[in-house]
Amino acid sequence: MLQTTHRPDSPVSIIGAGIAGAWQALLFAQAGHPVTLHERSDAAMTDATSHWAGGMLAPWCEAEVAEPVISRLGQRSLDIWRRELPDTPFNGSLVVAHPRERSDFERFARMTEGHRRLDATALAALEPSLEGRFRDALFFPGEGHVEPRRVLPKLHARIKAAGGTIKFGSDVAAKDLARLDPDGIVIDCRGLGARDAQPGLRGVKGEMILIETGEVQLARPARLIHPRWPLYVIPREDNLFMLGATSIEAEDSGVSVRSALELLGAAYAVHPAFGEARIVEFGSGLRPAFSDNLPRIGIRDNTIAVNGLYRHGFLIAPALAELTLQYVQRGQIDNEVMQCA
Ligand SMILES: Cc1cc2nc3c(=O)[nH]c(=O)nc-3n(C[C@H](O)[C@H](O)[C@H](O)COP(=O)(O)OP(=O)(O)OC[C@H]3O[C@@H](n4cnc5c(N)ncnc54)[C@H](O)[C@@H]3O)c2cc1C
């Protein structure tokens with residue numbers, strides 16, 4: 001097991017600058033550890049699953065399908081997002097449905113907490129673009145969202161400001177780093193790239209589309225109840241909207257015609273003006289997941305592996321980093337997510 005009497009000046013090498021590794025690097029650098037973050041791709045991070053994510057911070061909505069541990073880690077993470085990046089938008093999120101999905105909408109309401117019901121007038125007051133579109137909606141006021149492609153560089157800049165070093169184009173193996181510096185700590189956040197050490201990992205494909213229009217304004221993500229996937233429209237800067245996301249047990253890349261039709265159809269159902277929007281990008285990412293779809297912090301000798309963030313990386317990465325730090329500083333074990341070899 002990792003020696004837990006590490007001093008704040010023990011060096012920490014983190015592998016993978018996606019959302020998991022970025023939060024680890026930030027919290028360890030702020031705690032005074034000399035931190036080096038290794039990332040094999042360049043600063044654009046297009047190889048990372050994090051590049052393709054929606055960036056919703058939605059612990060209450062996710063509780064419809066996720067285990068309670070996700071809500072717990074997610075709610076703690078919201079506090080950390082607020083503390084570290086106070087400009088993170090916390091405008092809440094909306095869940096809407098068309099009449100034929102009424103029973104699924106009611107089920108969603110029963111399965112989740114932290115929402116209030118809006119009638120059509122209240123919905124129009126909150127999101128004027130949705131006036132007359134839906135009879136009612138669920139509003140989750142405590143939820144937030146980030147733009148992954150803007151927030152990752154922001155986190156990387158914060159890591160450097162806290163004294164950390166980031167090495168892009170640095171493709172390293174956890175076991176080599178651990179051997180190189182037995183007194184240091186290695187935190188392996190390679191996502192799917194860690195399959196050599198964690199053969200139980202699989203990729204769950206998520207497809208997304210980016211569209212642009214000035215005809216619709218939204219201040220918060222809107223989820224549309226759908227029989228197969230939780231489809232959503234997330235507003236981004238510069239009149240962009242991200243449409244996401246499918247969830248497919250496959251590891252190929254690209255977007256199928258069927259998925260594209262469903263994603264574009266969902267946007268059109270939220271507002272017909274999306275029909276005139278310009279398609280900017282089709283893309284997909286592979287969510288790193290274990291068989292139970294739950295995150296894991298695995299501890300063996302001086303290496304800590306943080307992985308399996310599945311569809312909740314942005315939601316839970318800050319809390320996972322805090323737990324890792326608490327383990328290194330005080331030997332504190334979180335039995336729900338930590339496994340010691
Ligand atoms: C379409 C889609 C929508 C999503 N929406 C949301 C959402 O709304 N909210 C949410 O919370 N989550 C969402 N997710 C899930 C989220 O994206 C993932 O949980 C998260 O990105 C996983 O982060 P990670 O840091 O573990 O992995 P990654 O982001 O893949 O980062 C791993 C990094 O390690 C690097 N690496 C690998 N091997 C090496 C090596 N040998 N040396 C150096 N570097 C290496 C890789 O290049 C990569 O940059 C979504 C995912 C998808 C696909």
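Remember, it's 1-based here, ligands and their atoms both numbered in the order they're listed. All values below were derived from every heavy atom in this structure, side-chain atoms included, with hydrogens, water molecules and symmetry-related copies excluded.
With hydrogens and angles disregarded, no donor-acceptor distance shorter than 3.5 Å links the side chain of Arg40 to the backbone of Asp47.
Considering each of Ser50, Gly18, Gly313, the one bringing a non-hydrogen atom nearest atom 23 (O) of ligand 1 is Ser50. Across the listed options Ser41, Gly54, Ala17, Gly244, Gly54 owns the non-hydrogen atom lying nearest to atom 5 (N) of ligand 1. Counting only non-hydrogen atoms, the option in Val172, Asp42, Ile316, Val306 that gets closest to atom 42 (N) of ligand 1 is Val172. Closest heavy-atom approach to atom 43 (C) of ligand 1 among the candidates Ser247, Gly16, Ser170: Ser170. Nearest-heavy-atom check against atom 38 (N) of ligand 1 across Arg40, Met208, His38 picks out Arg40.
In the vicinity of Phe314, heavy-atom distances shorter than 4.0 Å reach the ligand 1 atoms 10 (C), 11 (O), 12 (N). Distances below 4.0 Å separate heavy atoms of Gly55 from the following atoms of ligand 1: 6 (C), 7 (C), 8 (O), 9 (N). Numbered from 1 in the order shown, with element, the atoms of ligand 1 that lie under 4.0 Å from a heavy atom of Ala245 read 1 (C).
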Worksheet entry | Evaluation steps, ring pair (Phe, Tyr, Trp, His ring centres under 6.0 Å), between His145 and Phe90 | CA-CA 7 Å; His145 68 285; Phe90 278 95; 8.9 Å; no
Item to complete: Tell me, with the steps shown, if Phe241 and His271 meet ring pair (Phe, Tyr, Trp, His ring centres under 6.0 Å).
Response: CA-CA 12 Å; Phe241 295 85; His271 201 297; 9.8 Å; no
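Note: no N/O pair closer than 3.5 Å links Asn307 and ligand 1 by distance alone. Any N or O atom pair closer than 3.5 Å counts here, and Gly285 shares no such pair with ligand 1. Ligand 1 has a nitrogen or oxygen under 3.5 angstrom from a nitrogen or oxygen of Arg311. Checked against a 3.5 angstrom limit, the closest N/O atoms of Gly193 and ligand 1 fall outside it. Distances between N or O atoms of Ile234 and those of ligand 1 include no value under 3.5 Å. Ligand 1 has no nitrogen or oxygen under 3.5 angstrom from a nitrogen or oxygen of Leu286. Annotation: Asp171 places an N or O atom under 3.5 Å from an N or O atom of ligand 1; distance criterion only. Backbone and side-chain nitrogen or oxygen atoms of Arg287 are examined, and none is located within less than 3.5 angstrom of a nitrogen or oxygen of ligand 1.
A salt bridge is absent between Glu101 and Arg107; no separation between the charged side-chain nitrogens and carboxylate oxygens falls under 4.0 Å. The pair Arg72-Glu336 meets the salt-bridge criterion, with a side-chain N (NZ, NE, NH1 or NH2) lying under 4.0 Å from an Asp/Glu carboxylate O. At a threshold of 4.0 Å, the pair Arg150-Asp238 counts as salt-bridged, since one of the basic side-chain nitrogens sits closer than that to a carboxylate oxygen. Between Asp171 and Arg190, none of the side-chain N atoms (NZ, or NE/NH1/NH2) sits under 4.0 Å from a carboxylate O, so this pair counts as no salt bridge. Taking the charged nitrogens against the carboxylate oxygens, Glu106 and Arg117 do have a contact shorter than 4.0 Å, which makes a salt bridge. Classification of Glu251 and Arg195 as a salt-bridged pair holds, one side-chain N sitting under 4.0 Å from a carboxylate O.
If you check the side chains of Ser41 and Glu39, you find a donor sitting under 3.5 Å from an acceptor. Looking at Glu262 and Thr246, their side chains never bring a donor and an acceptor atom within 3.5 Å of each other.
For atom 2 (C) of ligand 1, the closest non-hydrogen atom of the protein is Trp52 O, 3.7 Å. When hydrogens are left out, the protein atom nearest atom 47 (O) of ligand 1 is Glu39 OE2, 2.6 Å; that is the closest non-hydrogen contact. Counting protein heavy atoms only, atom 27 (O) of ligand 1 is closest to Gly191 CA, 3.9 Å. In terms of protein heavy-atom proximity, atom 18 (C) of ligand 1 is closest to Tyr310 O, 3.3 Å. The protein atom (non-hydrogen) at minimum distance from atom 26 (O) of ligand 1 is Ala20 CB, 3.8 Å. Protein heavy atom nearest atom 28 (P) of ligand 1, with residue, atom name and distance: Thr49 N, 3.6 Å.
Proximity of Pro148 to ligand 1, defined as any heavy-atom pair under 4.0 Å, is not found for any part of the residue. Using a 4.0 Å cut-off between heavy atoms, Tyr232 contacts ligand 1 through its side chain alone, with no backbone atom that close. The part of Met45 lying near ligand 1 is the side chain, judged by heavy-atom distances below 4.0 Å. Residue-level proximity to ligand 1 for Ile15 is carried by the side chain, the only part with a heavy atom below 4.0 angstrom. Residue Arg190 touches ligand 1 through backbone and side chain together, judged by heavy-atom distances below 4.0 Å. When heavy-atom distances to ligand 1 are checked against a 4.0 Å cut-off, Met56 comes that close through both its backbone and its side chain. Counting heavy atoms under 4.0 Å from ligand 1, residue Ala53 touches it through both backbone and side chain.
The aromatic rings of His98 and Phe134 lie tilted to each other, with the angle between the two planes from 30° to 60°.
Between Phe108 and His115, the closest side-chain pair of non-hydrogen atoms is not below 4.5 Å.
Residues Cys340 and Ile333 approach most closely at SG-CD1, 3.6 Å, considering heavy atoms.
The salt bridge (charged side-chain N to carboxylate O under 4.0 Å, His left out) with Arg223 is formed by just one residue from the set Glu62, Glu143, Glu64; it is Glu62.
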